[in-house]
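Notes follow the structure.
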Amino acid sequence: MKYVIVIVILMMLQSGCSMLPTGNSGSQAGNEQRLAVPEKSSVKADLKRALSAWQAGDIEQANSYFEKMLEKGPRSSATMNHYAIFLREQWEIDRAKAVYLQALNMAPRDPLTHYNVGILYELYLGDLKQALKHFKAYNKNVMEPNPKVKGWIADLTRRIEAEKNG
Amino acid sequence: MTGWLVESTKYWLNILKILACLVLVVGCRSTSNPSVASQSNWTLADLPNESSIVVDESTIGNADAGAKTDEEESEIALEELAAVAEAYRSAMDLTVDAATRTDILQRLAHIDLQVAEERQLIDAVTLPKDIYASAIASYVALIATTASDESLSDMASLDMLYPLAKAYELSGDIDNALVTLTRLVDDHPTSEHYAEVQFRRGEILFASKRYRQSADAYRAVIAHYGSRNVGSQDVNSMDVNSMGVNSVSEDSEIANSMSKVKQTFLLNAWYMAGWSDFKIGNYEGGLSAFFWVLDDFNSNGSLSIKQGFESIAGTVSNESLATGRLKDNAKGAKDASITSQQSMIDDTFRVVSLSFSYLEGASSIEQVLASNYQQQNLPTYTSRLYADLAMLYLEKKRYQDSADVYRRYVQQYPLDVYTPDFHRNMIDVYTQGGFPEQLRKEKETYTLSYGAGSDYWQQADANQQTLILPVLRLYLDELTAFYHNIAQHPAKNGNSDEDSVDQSNNVASYSKSERYNVAGDWYQRWIDNFPNDPELSKNWFLLAETRFEAEAFAAAAQAYEIAAYGDLLGTSITQEGEAVAFDKANEAGYAALLAYQKLITQGENATVNVVTNTPQENGVVIQGKTLEQWRSSYTESALLFADTFPMDARAAQVLAQTTESLLQQQDYQQTILVANKLQDHLLVIGFDIDRVEAATPRLTTEQQYWLTGALSKAHAFRALKEHQQAEFAYRDPLLFLQRKGGSRNPDVNVSAKIQQYYLATLDNYAASIYQQGEVLLDLDDKNGAAMFFARVVEAAPTSTIRVTAQHDAATLFLQLEQWPQAIALMTDFEMRFPNHPETVAVPARLLLAYEAQQDWPNAAVRAMQIVESDTDILTRQQALMSAAQFFYQADDTNNAIEQYRRYAHEYPEPLADRMEAQRWLTELYLAQSNSVKRNFWLNELMASHDSARQKTQRSHYLAAFAAADLADQSMLVYQKIRLGQPLKTSLKKKQNAMKVALTRYERTIDYGVDVFATQATHKMGDIYAELAKDLLESTRPNGLSELELEQYEFLLEEQAYPFEESAIEFYLANIERGWGGLRTDWVAKSHKALADLLPGRFAKQELRP
């Protein structure tokens, strides 16, 4: 996964950032530079501990490690996705949403984040439009659009349309 | 005095020896050389005369010691004279010349006379007349012979008449002697023997009581010397006017110029002239002569001041007065050691006194002195004049006259050296005469006139003071005793005579205080005069007694203290050792305390407002001090008494009273000090409280004192807020009283006093412990305070304050959450004092303690106690709820159910508590698996909510809880119904059950509680999903062909589909609640259910990095 992200980033750099919205080139460049910075070993250790506790069912300990990790500064979108998924499982829906958005702020075209936050919007927040948007962004940012996601986009489009119609 | 007498006597004896020797020399010379010339030196004065100068024969004899005896010498002289006479007679025979013959005859006459004299010495048989007959005859014959011869007559007459007169007189023929002497002075007025012959005439005339003539003869002598300018004054003109001071110096010159013999004649002439005048009643004339004599003696020192003083100072004691002072003097005159000159002086004074007595007594003395002497130069023997006159009167028992003489002197010469003695003599005269009134009056006057502080005392020298003091002592002893007696027994000493001059009688009529004040004043004078007397303390004591009786308690106290302790209090006593040795010192010390008590009582009465009977402000002064000052003085005196007289039986009593008094005065520090002293004192006298046997139920005196000290000290400590000290101080007396039988429930034999002491001490002991706790409580040391309060319960369980202490201790332990102590004290309190007002609150407090200790069974019991006993309905209601809870916590389910049920039934309000009770009942019945009763209370929960006017969030919750629980039970019933053949029947039955469950879930949802609403919604979805599933899985009818079976299953799917759709709707409804923010477990479960039913849409999973 990490490897994929790196490739995507390299491709984006090679394309001359033509896909980026006008006026955001500066901040975007910053985020890309942060992404290039590897996690510190201590952060990695915290993440490892959090995932281990989570897996072991020690939710409280896992939460503690996640928070400790975040206190050390902005992390990678991958790390943030781990934490957001953890929060969603604890039915901390609003906090999970915030973490995803934070991850997107660091890596706006991260397909993984778009994928995951799209699910959150659809199933746990009932915001079909946002879900549609992020699923589309996912497909747009991956090398090859996911047919399953395409189907989800179609379903959402239909349901949104149905709501509009009554 | 005795030494002075001896010296005086020796002096006069020496004078007389000299005169005697002169006479003997003359005699011897005439004897050895019996010439007319030598014979002419012989004088008449040598004739023996009783009334004249007395020669001390023994002294004379001594002067010739070692010589021959008189008789031997006379025999030798006679032999020699006989030889001489024989020679003269032989010569006579041979002589014819008339002159020579006359001369020889004259010598023979002289020899005859001398022979006669010698014979008279050795011849006691022959009469003097016969012995001298020859000599007389010779002289008579010779005179007759010479009378005829004019050439010889004058000289011969003078030479013959003189020895003739002597011969007559020696022979006893006084008449012829006088005739001869008279002829001699008449015929020879210018003779050198004139004065001597006149003096001799005076002697003879005086002896024959021819006083007027003797006076003339004596005055002729005086005139003779005066006419010949012998002496200081012309004797003819000499009278009393010439006996002044100026004459003293002139007399001295005369004395120096006169021969001693002539001086003697002059002196004796004055003396005898005075006597002669006296004899004929010419007292003034006699006095003038006697004063000449006295002044003469005085001028040559024969009459010294010492002599006068010796005469005067003789005490007129009763004994001496009985015999008479002059009698003593007369006796003295007979004493060989008293010279004739002294005798003459004494006689002169004697006759002077007689003269004054015949005149106007002391007035005459003063007239004479005033007439003849200047006031500042009175004769030194003036005092003796008065003294002798007074003594003379006394001899004659003329007591008043005698006393008056002394008084005149005292009045005239108040500061004279002899005045105190005169005054004393006056008093003695009154004693002799039996004049008690004057006697006492004069004794008083004496003490006032000469005692300490008087003018006399101030100017007197040490010797005078030394002489006065014994008399003062005597009189003051009498006067103090007398007036003290009058003060004590006025009735016996009273006098109805209002005009009485006796002060004592007046005093008897005085008030009591006045009488004792008079007596006290005399004691004060005694003390002033004898500050170093061994009996000083005794008199201070008696002074104090009188002051006390006069109610002058301040002065009494001071005097008592001085008597008891000497000068320890600052009064001037230089020999305090004597004062302390006073045998009644302890009585005085104790009496001082009584005096102070009187003052304190007066002060207390004075400081109490008689109208309101309340104390007035301080400052009232009682006999010089305030009440506080008197109290302080009492304390000091009491301590002094105890220190000074530790073995006095009253010392302990004094200390005990002082301790109590100090405590009453709120002088607590002093109280403690004195109490300690009291206890020390009791130990010293052998009283040990630890050795007191408890057997006797009564308090001994020592025990009472000890108890007073111990309790006073404890009270003082307590008043000083030194509560720990107070506790210690109370403990000993408490233990003692317990040993004596003191108890809350005493034996009948125990005295009421002991019992009273015991109970009071017990309460004070307990209070002192309690107050230590109060102090700590003020310092916010609740733990410490609680410990002290609890200690009261242990140390003094029967004290009055025990109840309060136990209650307060328990309360503090509760506040401090020291539950075991609090529980123990309160439980005991409840048991011991069931009727105490605070006992009502004990269950609630115990409930608190048990609850805190999680002692649920006891907590429940106490709660139920409140439920059953408390008067407040609200309290009972709360207690019932607590009791149910405690029973539950104690695993006493039945009782818990019972109390919750009781609560739910009895108390509909408040709604919350009632529903909680109902909820607890559902829980408890659930534990007992009693679904029927549980469901009852589930329904009651809903009913309570439904019927409540003011529903709460909690009521909503509990109602929803109950509804959900009942719905779940219905769902279980639904789930237990299996769809079988015939399907229609079983389906019908299941659908009915489904309807019940759905209805109950709907009701649950209606209560609007999210958690139960999502639960109900989800379960409603489950009901539908289960029915769809059950239809699809229901038992197939037997005997269907494959096609029929396919058709049958198709129909089932058609039947099940709507149920599945309904399930999805309920699940979606729940999910939508989640989208709105309501996220319960039931929402998550709905998510999961939808993921199963619609996996394409709801089974989406995040991608993990």
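In what follows, every chain begins at residue 1, and chains take the letters A, B, ... in the order their sequences are listed.
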State the [atom1]-[atom2] distance between [X] and [Y], to the nearest 0.5 angstrom.
X	Y	atom1	atom2	value
A:I119	B:L1103	CD1	CG	6.5 Å
B:R1097	A:D155	CZ	CG	5.0 Å
B:H1087	A:W91	NE2	CH2	3.5 Å
B:W1075	A:I93	CH2	CD1	12.0 Å

Given heavy-atom pairs under 4.5 angstrom as the criterion, report whether the side chain, backbone, both or neither of [X] touches chain B.
X	value
A:E89	side chain
A:L125	both
A:Y138	side chain
A:F86	neither

Determine whether more than 12 heavy atoms belonging to other residues, nucleotides or ligands lie under 6.0 Å from atom NZ of B:K1100.
->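 Yes, because the 6.0 Å sphere around NZ of B:K1100 holds more than 12 heavy atoms from other groups.
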Between A:V117, A:N116, A:D94, which shows the greatest number of heavy-atom pairs under 4.5 Å with chain B?
->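 Ranked by contacts with chain B, first place is A:N116.
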Considering all heavy atoms of both residues, which atom of B:P1105 and which atom of A:A78 are nearest to each other, and what is their separation?
->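 Answer, listing the atom of B:P1105 first, then A:A78: CG-O, 3.3 Å.
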So, for B:I1071 and A:L123, which heavy atoms are closest and what is the spacing to 0.1 Å?
->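 Heavy atoms of B:I1071 and A:L123 come nearest at CG2-O, 3.9 Å.
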Could you walk me through whether B:R1079 and A:Y124 pass the side-chain contact (heavy atoms from CB on, under 4.5 Å) test, one step at a time?
-> CA-CA 9 Å; B:R1079 298 182 181 100; A:Y124 299 104; 5.9 Å; no
